[in-house]
Amino acid sequence: MLEEEAEDADEAEHEVEDQYEHDAGHGGGDHGHGDHDNHGGMHAGHEQLFRRRFFVSTLLSIPVLLYSETLQDWLGFSVPSFPGSEWINPVFAVVVFGYGGVPFLRMAVPELRERAPGMLTLISMAISVAFVYSLASVVVPTTAAFFWELVTLIDIMLLGHWIEMRSVRRASGALDELAQLIPDTAERLTPDGETEEVPVSDLHEGDLVLVRPGANVPADGVVEEGDSDVNEAMITGESRAVSKEPGDEVIGGTINGDGSLRVRITATGDETALAGIMRLVEEAQGSRSRTQMLADRAAGWLFYVAVTAAAVTAIAWTVATSFDAAVIERAVTVLVISCPHALGLAIPLVVAINTSLAARNGMLVRDRIAMEQALNIDTVMFDKTGTLTEGEQGVVDIGTVDGVAEEDAVALAAAVEGDSEHMIAEAVRDAADERGVTTPTAATFEALKGRGVRATVNGETVYVGGPNLLSQFERDVPPRLADFAERAGENAQTVVYLVRDDEVIAAFALADVVRESSYRVVDALHELGIEVAMLTGDSEDVATAVAGELGIDTVFAEVLPGDKDGKVAELQAQGKLVAMVGDGVNDAPALTRADIGIAIGSGTDVAVQSADIILVQNNPLDVVRLIKLSRASYRKMQQNLVWAAGYNVVAIPLAAGVLAPVGILLSPAVGALLMSLSTVIVAINAQFLRRVDLDLPSLPGVSPRASPRPAD
């Protein structure tokens, strides 16, 4: 059975050795993208190796435990002896060491070759010393053996590595799940209107495909025909289905609802949003946590501490008593119980859970160090347009003359603007839709260059335009509307007028609409003790108006795109740790310059190479979620390091015998028990991170409002 198991696991074991040698050769740094299938197979192979060897080694350890005199004394039981039963412990221990322990020795070779002892070197030293010492006890019966401690050490280490590889594999499994979102085939529409089933790999930009109800969208595209609700939760984290109609973008891999859609393909293969997300997840898995690197270095230090402590122990006991088997036993005990498996689990488990939680909440982490730094941020700088604001004009106020209702003015203006493609026309039409007014029919539409538009509505000539439009009319603007326009100008808002039969009857104030979530994110960051800065290319008046409305601390206005990174550097020169939040395209230099670059995108622009962290949804509140998750993860890492290091801080001196004068001497058995307890505590504590609440009401400074806050 063992021979068959060994053959089955041999290939996976070589993969593990190659991976550890690769890590050592690159200092544990970023491994790059690589081939995802190869990565997925490697992680699965690692998990299979340790899982199989754990179960087999544990099974073979049972006879060793049953025939251990120490355990028999502790638990008050006995087992029948028979001729040759005295060989059960050494024989089975040798098999467990050869099958379950030797892989650790092989994986420690790269560390020794690089002269950088770490976790695997310390593990290998502990089990090797216990193994050699126990075999010597067979020849010298007066020496206490470590057989049951040896097999339990190996079993616990195999279990720990299995748990770690399982966590890594599950994190990597996110890539497999993402890949499975893309269907194998698509229904492409031919020029004659028929459909043909083709492999998704054969789709090209410009193809028109049919997406039936319940089917996955095969690639990124734009809806040309049809209305439906699309489930984008797997991409954006948004639980509610998103309504799609002609002109709306859809993301490959999302799930169509009850309607039928005809979609014009805009991106395929590696250019899709899903492919970008997969690349980001791979980068996050390849990056190294700063705290993880600290744990690795701590294991290296612990190696030297353990060797030094063992040497000092041997010398001290020899001086105090004499050199005998008891002295060797003390030194060996120090080396055996210094095994740092809890230290090895302390960070990887937290990182795996952190990455999973972040992805489920629409946060894609490219650099784990950036995620850890987020807890120390003292200044968050937002790009205004498209981040704090919608990036498009909206009607924020309406003024009318006596006798004209706001709804009638909006309906009339929307009718005139019905055929215009200007952003102001779109804002007026959106205002009419939001108010649910019925738009009358307009005729003889005409665009007046530089002034506005004109159309005939219900037999009356109606104009919509800016101040230049009024120059052709002899009448003055009514005082009520003149005051309205003055107030709007003070708030850096654009004003357009509605004119009916040469009479100015209404005015509309337009501005770049502030996101509802922007009010909340500023409040939340202030409650966390974090300053908020805003960066924009807009005029000083516009920037000051928006900043005053939101309560922003620092404003940089009239900044050219090429100068944005200089403003980040200006804050950094003041000793501040700056996170820059932008759209990831125009703000690329600033995102790169910042201590943490956070790109905020719509799900179709997630492959932003200049950012450390990508927020899939256009929601600034995700910045607060990011900081909260970072702080919670850091607390778990610190707690785990304390538990893991605390075991060694206590166990090594006790094993060395510092309390022997008062009758307290830690045996290898008790040391193994403490090590097991430390590992279990670390694993359970890491799981508690899943309880962190990232829902909106739980965020600092955020309270649900009964109605939306006015954008003006």
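Values reported hereafter were calculated over all heavy atoms of this structure, with side chains retained and with hydrogens, waters and symmetry mates removed.
Judged purely by atom type and a 3.5 angstrom limit, Asp248 uses its side chain to pair as donor or acceptor with the backbone of Glu245. Without hydrogens or angle criteria, Arg429 side chain to Glu417 main chain gives a donor-acceptor distance under 3.5 Å. Looking at Arg264, its side chain does come within 3.5 Å of a backbone N or O of Gly206 through a donor-acceptor pair. Between the side chain of Asp553 and the backbone N or O of Ala533, no donor-acceptor pair lies under 3.5 Å. With hydrogens and angles ignored, the 3.5 Å screen pairs no side-chain donor or acceptor of Asn361 with any backbone N or O of Met363.
Taken to the nearest 0.5 Å, the CG atom of Asp227 stands 8.0 Å off from the CG atom of Leu261. Lys384 contributes atom NZ, which lies 10.0 Å from atom CD1 of Ile552 (distance to the nearest 0.5 angstrom). The OG1 atom of Thr266 sits 6.5 Å away from the CD atom of Glu249 when rounded to the nearest 0.5 Å. Interatomic distance, CD1 of Ile613 versus CD of Gln373, reported as 9.5 Å (0.5 Å rounding). Rounding to the nearest 0.5 Å gives a distance of 4.5 Å between OG1 of Thr379 and NZ of Lys576. The CG atom of Leu208 lies 8.0 Å from the CD1 atom of Ile265; values are rounded to the nearest 0.5 Å.
Residues satisfying the salt bridge (Lys or Arg N to Asp or Glu O under 4.0 Å) criterion with Glu426, sequence neighbours excluded, are absent altogether. In terms of the salt bridge (Lys or Arg N to Asp or Glu O under 4.0 Å) criterion, Glu434 has no residue partners (sequence neighbours excluded). Partners of Asp258 by side chain to side chain donor-acceptor pair (under 3.5 Å), not counting sequence neighbours: none found. With sequence neighbours left out, the ring pair (Phe, Tyr, Trp, His ring centres under 6.0 Å) criterion links Tyr463 to Phe473. Contacts of Glu570 classified as side chain to side chain donor-acceptor pair (under 3.5 Å), with partners at least two apart in sequence or in another chain: none.
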- [ ] Please assess Leu470 against Val499 for the test side chain to side chain contact (heavy atoms under 4.5 Å, CB included), listing each intermediate value before the final yes or no.
- [x] CA-CA 9 Å; Leu470 303 183; Val499 180; 4.1 Å; yes
Task: Residues Phe508, Val410; criterion side chain to side chain contact (heavy atoms under 4.5 Å, CB included); working and verdict - done: CA-CA 9 Å; Phe508 303 91; Val410 171; 3.9 Å; yes
TODO: Would you check, one step at a time, whether the test side chain to side chain contact (heavy atoms under 4.5 Å, CB included) holds for Leu535 with Met580?
DONE: CA-CA 9 Å; Leu535 191 67; Met580 172 66 193; 4.0 Å; yes
- [ ] Quick one: do Arg631 and Leu528 satisfy side chain to side chain contact (heavy atoms under 4.5 Å, CB included)? Show the steps, please.
- [x] CA-CA 11 Å; Arg631 293 183 176 183; Leu528 290 171; 3.6 Å; yes
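Classification of Lys564 and Asp383 as a salt-bridged pair holds, one side-chain N sitting under 4.0 Å from a carboxylate O.
Sorted pairs that involve residues 455-467 and meet salt bridge (charged side-chain N to carboxylate O under 4.0 Å, His left out), not counting sequence neighbours, are lacking altogether.
Two residues are said to be in side-chain contact when any heavy atoms from C-beta on lie closer than 4.5 Å; Leu626 and Met371 meet this criterion. No side-chain heavy atom of Val581 sits under 4.5 Å from any side-chain heavy atom of Pro620. Looking at Thr389 and Ser518, their side chains never come closer than 4.5 Å, going by heavy atoms from C-beta outward. Between Leu550 and Tyr519, some side-chain heavy-atom pair lies under the 4.5 Å cut-off. Side-chain contact between Ile505 and Leu412: present, with at least one pair of heavy atoms (C-beta onward) separated by less than 4.5 Å. Considering only heavy atoms from C-beta on, Val521 stays 4.5 Å or farther from Arg515 through its side chain. Between Phe382 and Val522 there is no side-chain heavy-atom pair separated by less than 4.5 Å. Put simply, the side chain of Leu498 does not reach to within 4.5 Å of the side chain of Val404, judged on heavy atoms.
When every heavy atom of Arg435 is checked against every heavy atom of Glu407, the shortest pair comes out as NH1-OE2, 3.7 Å. Of all heavy-atom pairs spanning Ala442 and Val457, the tightest one is CB-CG2, 3.9 Å. Gly575 approaches Asp378 most closely through the heavy-atom pair O-OD2, 4.2 Å. Residues Ala632 and Val692 approach most closely at CB-CG2, 4.0 Å, considering heavy atoms. A pairwise comparison of heavy atoms in Ala427 and Val395 identifies O-CG2, 3.8 Å as the closest pair. Nearest heavy atom pair, residue Asn256 against residue Ser228, reads OD1-OG, 2.6 Å.
Evaluated for a side chain to side chain contact (heavy atoms under 4.5 Å, CB included) with Asp622, the options Leu629, Ile627, Leu615 yield exactly one hit, Leu615.
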